[in-house]
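Written below as structure tokens is the structure these notes are about.
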Amino acid sequence: MNTLTGMKLSFAPEIGATLQEQVAGILSGWTLPDLADDYLVSAMSGGGSNVNLMLEGSRHTLALRVCAPDPGRWGVDRAASIQAQSDAARADLAPKIFASTLPEGHFLCPFLPGGVMTPTRMREEGLLPAVVETLRKLHAQPTSGRDFSPFEDAAHFVKLGDAEGAVRPGEFPGMYERVREIAQLFAEIDAPRAFCHSDLVPQNFIVGDRLRLIDWDYAGVGWIAFEMASFACQAGLTDDETETMLRLYDPEVDDSQRARVALMRAVAGVREAAWATMAEPILSAHTTPLDGWTYQGYASTNLSEARKVWAGAGFAEMLQAAAHVREGALF
């Protein structure tokens, strides 16, 4: 047991000695008298380039994020991530950060009860309207965080993967070339941008008295079309579900907006696949995936989402349709 400024720590068996020492060092750098308690520290699943820990006490339950070094490798700006979560917390869309350490990016916040939203839970509990409401509220908030581009992310992940021999299917270069064409289109049009989360795997929504979001590593000012597309891709929305989501967000949705979201859905799939194949050799031994989750499986699922887009309307026709941005369009 470690005693740190009123926080007494004991650790679950899965927390090794090195991580125990790191956690103790992080917490000792913060003065948090209001959070004094006896805590059991245990590992949570997920996290990617981070280790997520739960601190369970008699009066408080907290979440501690211990960040991996070299955030630039993962396309993450730790200061911008903390700023984005703080901005979202002011609108009750994210847990408030009690303490943080920069440049490392470690932070402590409340543990949100209620559990994560999975695609199955979203459908069984009819949560899609709440997802849209949450996103619309987020997109209306100000932020002093960074600008975000999925195209820059994808280029970064592909470059690293190429240099390190990432294992990808033979069709990947052609798919990535289409992402580059989509990037050129979005550089030329004035598609709506706003404060976006930019990493909308369903499990980043916590279901409570309202939906709140965690994992703000990629948040910033970005294209709303990508935000919508990212969720559609990660949740595996059907065509009908996607149309419902778009109409809930913008009742006047037009075919140009549909085309922008469809193109960005493919971008989301390729970007996530590029991240997964680049990250697997490094992160697979250090993070705790969700049950049944693998890096190669995640890459394969995301590339399947991109293929579905290419199997629809002709690519050139989609680019042409997406280029028109109606006055008043919301994404």
Side-chain angles (χ1 to χ4, degrees), residues 45-50 68 71-76 81 116-119 122 131 135 148-162 164 166-183 186 196-205 213-220 222-237 242 245 260-284 287 289-290 292-311:
S45 60
S49 61
N50 313 292
R73 178 183 180 88
W74 316 109
V76 174
S81 301
V116 300
M117 183 184 74
T118 63
M122 177 196 73
V131 169
L135 295 182
F148 170 79
S149 167
F151 306 114
E152 292 177 3
D153 262 15
H156 176 63
F157 300 149
V158 168
K159 182 178 180 179
L160 282 176
D162 286 347
E164 297 170 0
V167 178
R168 307 190 193 106
E171 66 188 310
F172 184 86
M175 299 175 83
Y176 180 58
E177 184 55 37
R178 287 191 166 186
V179 169
R180 290 165 60 91
E181 293 184 55
I182 298 168
F186 274 81
C196 291
H197 181 277
S198 309
D199 190 14
L200 289 183
V201 294
Q203 292 82 0
N204 280 339
F205 287 87
L213 283 155
I214 58 172
D215 197 353
W216 293 81
D217 277 353
Y218 296 99
W223 286 287
I224 298 175
F226 178 78
E227 186 94 304
M228 308 289 284
S230 174
F231 182 77
C233 176
Q234 297 308 309
L237 296 189
T242 301
M245 177 183 69
R260 286 194 290 278
V261 171
L263 290 170
M264 282 297 205
R265 185 167 182 162
V267 171
V270 173
R271 171 199 177 225
E272 293 297 324
W275 175 86
T277 53
M278 176 276 295
E280 180 179 27
I282 296 173
L283 296 183
S284 58
T287 56
L290 299 166
W293 191 96
T294 67
Y295 287 90
Q296 284 297 324
Y298 184 65
S300 177
T301 298
N302 276 281
L303 290 179
S304 293
E305 287 289 326
R307 290 189 200 100
K308 291 176 186 176
V309 175
W310 309 144

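Atom CZ of residue Phe148 and atom CZ of residue Phe226 lie 5.0 Å apart, to the nearest 0.5 angstrom. Atom CG in Leu237 sits 5.0 Å away from atom CE in Met122 (nearest 0.5 Å).
In this view, Phe205 and Phe231 satisfy the ring pair (Phe, Tyr, Trp, His ring centres under 6.0 Å) rule, not counting sequence neighbours. Looking at residues two or more places apart in sequence or on another chain, you find a side chain to side chain contact (heavy atoms under 4.5 Å, CB included) between Ser149 and Phe151, Glu152, Trp223.
Minimum heavy-atom separation, Leu303 to Met175: O-CE, 3.6 Å. Nearest approach of Pro119 to Ala235, heavy atoms of both residues: CB-O, 3.8 Å. Smallest separation of non-hydrogen atoms from Asn302 and Ala273: CB-N, 4.3 Å. Across all non-hydrogen atoms, the minimal contact from Val261 to Ala229 is O-CB, 3.2 Å. Closest of all the heavy-atom pairs between Ala266 and Ala306 is O-CB, 3.8 Å. Leu200 and Leu213 make their closest contact through CD2-CD2, 3.8 Å (heavy atoms, listed as atom of the first residue, atom of the second, distance).
In this structure a side-chain-to-backbone donor-acceptor pair under 3.5 Å is missing from Ser300 to Gln296. Under a 3.5 Å cut-off, the side chain of His197 and the backbone N or O of Leu135 do not form any donor-acceptor pair. Proximity of a side-chain donor or acceptor of Thr277 to a complementary backbone N or O of Ala166 within less than 3.5 Å is not detected. Between the Asn204 side chain and the Asp199 main chain, a donor and an acceptor come within less than 3.5 Å of each other.
For the pair Arg168/Asp162, a side-chain contact is recorded, criterion being any heavy-atom separation below 4.5 Å from C-beta on. The shortest side-chain heavy-atom distance between Val131 and Met117 falls under the 4.5 Å cut-off. Within the 4.5 Å cutoff, side-chain heavy atoms of Arg73 are placed close to those of Met278. No side-chain heavy atom of Val179 sits less than 4.5 Å from a side-chain heavy atom of Val158.
Sorted by first and then second residue, the pairs that involve residues 262-272 and meet side-chain hydrogen bond (donor to acceptor under 3.5 Å, both in side chains), not counting sequence neighbours, are Asp153-Arg271, Thr242-Arg265, Arg265-Glu305, Glu272-Tyr298.
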Audit row: Val270, Phe172, side-chain contact (heavy atoms from CB on, under 4.5 Å) steps and yes/no: CA-CA 8 Å; Val270 173; Phe172 184 86; 3.8 Å; yes
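Classified by interplanar angle (parallel below 30°, tilted 30° to 60°, perpendicular above 60°), the ring pair Tyr295/Trp275 is tilted.
The pair Glu177-Arg180 meets the salt-bridge criterion, since a charged nitrogen lies less than 4.0 angstrom from a carboxylate oxygen.
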